[in-house]
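To start, the structure under review is shown below, and the notes come after it.
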Amino acid sequence: MTDKKRLLKACALFFAAALIIEIFGFNFGFFASRTETPEAVSLVASDGLERIDKETYAVPELNENAGKNPYFEITDINKKTNYIRLDMLTLFMEEPNCVAFDVYATDEGSSAYYYCNTVVIHPSLPSNGNEKTKYFKVHTYGKAKSIRLVFNKFDDMALVDTVKIGGAEINAKVPMFFSPIRVLLIVALLLFIYMFRPSSSLYRQGTFTEDKKLRLLKTAFMGINIIIFALLLCNNLTYANPSNDQYRQYNLLAEAIAQGRVNIDVTNGELMKQVLNPYDINERLKVLAANNLSVVREPWLDIAYFNDNFYVYFGIVPELIFYLPVYLIAKTHMVTSGAVFIVCCLTVLSAYKLVETLVKVYFPKTSYGASLLASIILANCCGTLSFIMSPIIYNLVILCAVMFAFIGLNFWMSAKYLIDNEPASKKINIYILLGSLSMALTAGCRPPIVLCSLLIIPIFWDTAIQHKKIVLKGNIAKYLCVIIPYALVAAGLMYYNYIRFGSPLDFGSDYNLTTNNLAMRGTELAKIPDGLFMYFFQFPIVSLSFPFVHTTLLHTAYNGMIYAESFYGGLMFTAPFTCLLFAVPMLKKTLKRKKLFALLILIIVISVLTACLETELGGFISRYAYDFVYLLIFGAVIVMLALYEKYPDKKSVKNTVLTLGVLTLAFMFIYTFVSTSYQAGTVDGYFTIYNMFN
């Protein structure tokens with residue numbers, strides 16, 4: 001049987017399997033409720049709900065303690081219940097928004113209410129495609145007596161101030177919610193696994209094959225990547241045009257630079273002069289409250305404040321690339337979500353090119369399948385897939401730095417190839433210059449990522465050091481091509497620091513207005529063990545309900561302040577592809593022969609050092625892990641290629657790599673939804689994906 005016929009047969013089988021999973025798996029409720037007799041019931045409102053008319057209620061501001069919140073109640077049921085249907089339109093500030101209920105029940109087994117679960121219901125609107133959320137099942141002990149639906153604050157996705165009741169049913173019949181998109185996604189996943197299985201024909205071709213169809217396949221994957229990014233981005237445009245200065249800092253800076261200054265104008269900034277200690281959040285909130293301003297979202301959060309002026313804390317390079325040119329040329333503001341999308345696309349292209357260069361320099365015998373799989377993993381697991389639905393400047397600066405790091409490594413390795421194979425090439429110095437410039441620019445995006453510049457040492461070690469001596473003759477131009485870009489970028493950054501904070505070496509981190517006083521934090525090495533554990537070894541909390549991964553709690557013996565945001569587990573579990581680095585000792589001889597052993601050791605050292613710095617300077621924040629995730633994924637790609645070369649016929653090696661890669665890709669996709677901030681009225685996109693998994 002030819003490869004084409006095998007592929008067509010596989011696609012037919014996958015399509016059949018996807019249909020079975022769709023009909024009998026995701027639509028199990030349709031079959032389970034066929035024999036039920038729906039019964040309309042009334043929802044009795046608690047005292048905390050103010051009745052506006054026959055069907056409409058005003059909901060008071062909800063409490064973090066759900067036990068104090070108002071509720072609806074279904075009483076006198078006295079029968080076994082299956083599926084419940086709630087038809088209601090929930091509003092927040094007159095905009096449709098979802099609502100969360102803690103479900104409690106009494107039954108034949110318990111006369112007191114007991115907690116069942118929390119359900120999130122999308123508002124009932126015509127053609128919103130989210131009817132499925134109105135159905136949920138309650139499992140009671142015997143006959144149900146009553147069911148209570150207590151409003152849960154949940155998060156910003158479930159803010160509600162008005163509820164219009166459309167009706168309620170017990171023992172409802174669940175419709176068939178057939179999703180063609182879900183069927184296609186299942187087929188795509190099965191096809192992906194099939195394409196990269198150990199016996200795939202992709203492994204019989206070299207990376208630099210002349211087969212036009214295979215070369216087109218790589219282009220197709222890059223195109224699919226970009227399309228996926230576009231679709232995910234459109235699922236959350238909350239921050240497309242944010243009104244809060246916290247997310248508009250680069251736009252404010254563009255306006256300031258156009259006027260010849262670097263300090264920015266912020267909302268109600270004049271009130272900061274009334275604050276006794278600007279870096280104490282409690283003092284800032286007191287002043288806001290005293291001036292009858294909202295303290296829910298502080299207007300100055302994560303903006304630097306020094307000598308009565310406000311400054312942008314984030315790196316200047318994204319400003320110079322995107323925001324300032326757009327403002328000066330078009331007299332309009334750059335949309336941050338657009339900048340994030342552009343950087344994601346460029347990062348994908350640079351990741352694919354970097355793997356291609358890595359193969360060309362160190363693993364020329366690598367198969368097409370291995371290099372393509374490595375490219376897909378590196379392109380999507382370096383932060384792009386995780387950040388695309390949260391298009392804010394916090395993520396933009398990290399992505400920009402990763403993009404420049406990939407570009408820099410690509411140029412350096414290309415120069416290395418020419419030095420070894422075409423030493424007379426005039427491109428060598430140009431590549432070194434461009435690589436060094438790219439690497440230096442990481443400092444102007446996200447300073448911790450500049451540590452990857454140290455990788456220049458093992459890459460060019462043989463060129464710079466021969467017979468244990470530094471080679472100057474013939475290498476002066478190369479050294480200058482390294483030094484000059486770093487010197488120019490450093491001079492620019494030092495000048496920028498000086499005109500803001502009066503010191504060329506002060507990046508302003510101590511002046512950032514955040515939740516804790518950074519100027520007083522000091523250095524506490526006792527936090528580092530907890531930081532390393534959280535960033536690398538913390539077990540994730542997983543479940544069978546979307547989004548499957550949930551925040552972990554910080555348990556520590558450290559008696560002091562450690563700033564921690566939502567965390568979802570250490571990299572060994574949330575990015576298991578990086579576990580390939582544990583195979584470095586096993587591949588020591590192979591890696592030394594290829595002169596990659598020192599490079600991998602340095603990658604690990606830089607990653608651990610960066611994690612320590614993040615712990616000391618920031619705390620435990622999920623997005624900070626991407627300051628070194630990209631590097632660990634790149635190191636794991638090197639190990640993967642070494643394993644494929646050393647064990648070309650071992651199916652267990654390919655199966656292990658594929659499994660770890662798919663699991664890592666899956667987490668990066670899921671992280672998009674656990675970490676994304678949706679605001680009231682912007683949750684349609686979230687539920688489009690939510691319904692795919694429920």
Side-chain angles (χ1 to χ4, degrees), residues 377-378 380-387 390 394-395 398 402 446 448-449 451-452 524-544 547-558 560-585 600-640 656-657 659-676:
I377 293 171
L378 182 62
N380 289 281
C381 300
C382 61
T384 51
L385 192 58
S386 300
F387 290 155
S390 190
Y394 294 81
N395 298 331
I398 296 175
V402 170
R446 181 73 178 161
I449 293 182
L451 288 175
C452 68
E524 293 288 349
L525 299 181
K527 293 188 290 188
I528 289 179
D530 286 312
L532 294 178
F533 177 77
M534 289 291 286
Y535 279 119
F536 292 103
F537 304 109
Q538 172 67 52
F539 284 94
I541 297 176
V542 297
S543 72
L544 292 177
F548 310 116
V549 181
H550 308 277
T551 55
T552 62
L553 297 176
L554 173 63
H555 298 283
T556 176
Y558 178 81
M561 178 180 286
I562 299 181
Y563 181 69
E565 292 184 1
S566 299
F567 216 86
Y568 301 94
L571 293 179
M572 297 298 101
F573 306 101
T574 57
F577 187 73
T578 59
C579 291
L580 290 178
L581 291 167
F582 287 113
V584 169
L600 280 169
I601 296 300
L602 188 55
I603 283 175
I604 295 171
V605 170
I606 291 173
S607 300
V608 173
L609 179 59
T610 304
C612 294
L613 289 173
E614 301 294 3
T615 301
E616 283 294 322
L617 301 178
F620 305 151
I621 303 174
S622 290
R623 69 176 178 274
Y624 284 5
Y626 287 90
D627 286 346
F628 51 89
V629 165
Y630 79 99
L631 205 52
L632 291 174
I633 295 290
F634 177 63
V637 164
I638 295 174
V639 174
M640 167 191 168
T656 300
V657 169
T659 301
L660 295 176
V662 170
L663 289 174
T664 303
L665 286 167
F667 176 82
M668 297 300 172
F669 174 77
I670 292 302
Y671 178 79
T672 297
F673 298 94
V674 298
S675 66
T676 301

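Sequential numbering from 1 along the given sequence is applied to the chain's residues.
For the atom pair CD1 of I670 and CG of L665, the computed distance is 12.0 Å after rounding to the nearest 0.5 Å. The distance from the CE atom of M640 to the CD1 atom of I633 is 11.5 Å, given to the nearest 0.5 Å. One finds the CD1 atom of I606 at 10.0 Å from the CG atom of L632 (value rounded to the nearest 0.5 Å). Expressed to the nearest 0.5 Å, how far CG of L663 lies from CZ of F573 amounts to 13.0 Å.
Y626 places a side-chain heavy atom less than 4.5 Å from the side chain of S386. Residues F577 and I377 form a side-chain contact, since some pair of their non-hydrogen atoms from C-beta on lies under 4.5 Å apart. With a 4.5 Å cut-off on side-chain heavy atoms, I398 and Y630 do not count as touching. Between T552 and F539 the shortest side-chain heavy-atom distance does not fall below 4.5 Å. Here the side chains of F533 and H555 are not in contact, with every heavy-atom distance at 4.5 Å or above.
A cation-pi arrangement is present between R446 and Y624 under the rule of less than 6.0 angstrom and at most 45 degrees off the ring axis.
Under the ring pair (Phe, Tyr, Trp, His ring centres under 6.0 Å) criterion, F628 pairs with Y535, F536, sequence neighbours left out. Contacts of A575 classified as side-chain contact (heavy atoms from CB on, under 4.5 Å), with partners at least two apart in sequence or in another chain: L571, T578, T664, M668. When the side-chain contact (heavy atoms from CB on, under 4.5 Å) test is applied to T656, the partners found at least two apart in sequence or on another chain are L660.
Ring centroids of Y568 and F667 are separated by 6.0 Å or more, keeping the two rings apart.
Closest heavy-atom contact between Y394 and R623: CD2-NH2, 3.2 Å.
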- Item | Derivation and outcome, side chain to side chain contact (heavy atoms under 4.5 Å, CB included), residues V549 and Y671 | CA-CA 8 Å; V549 181; Y671 178 79; over 6 Å; no

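Side-chain atoms of D627 never come within 3.5 Å of backbone atoms of E614 as a donor-acceptor pair (strictly under, hydrogens ignored). In terms of modelled atom types and a separation under 3.5 Å, the side chain of T615 and the main chain of I528 share no donor-acceptor contact.
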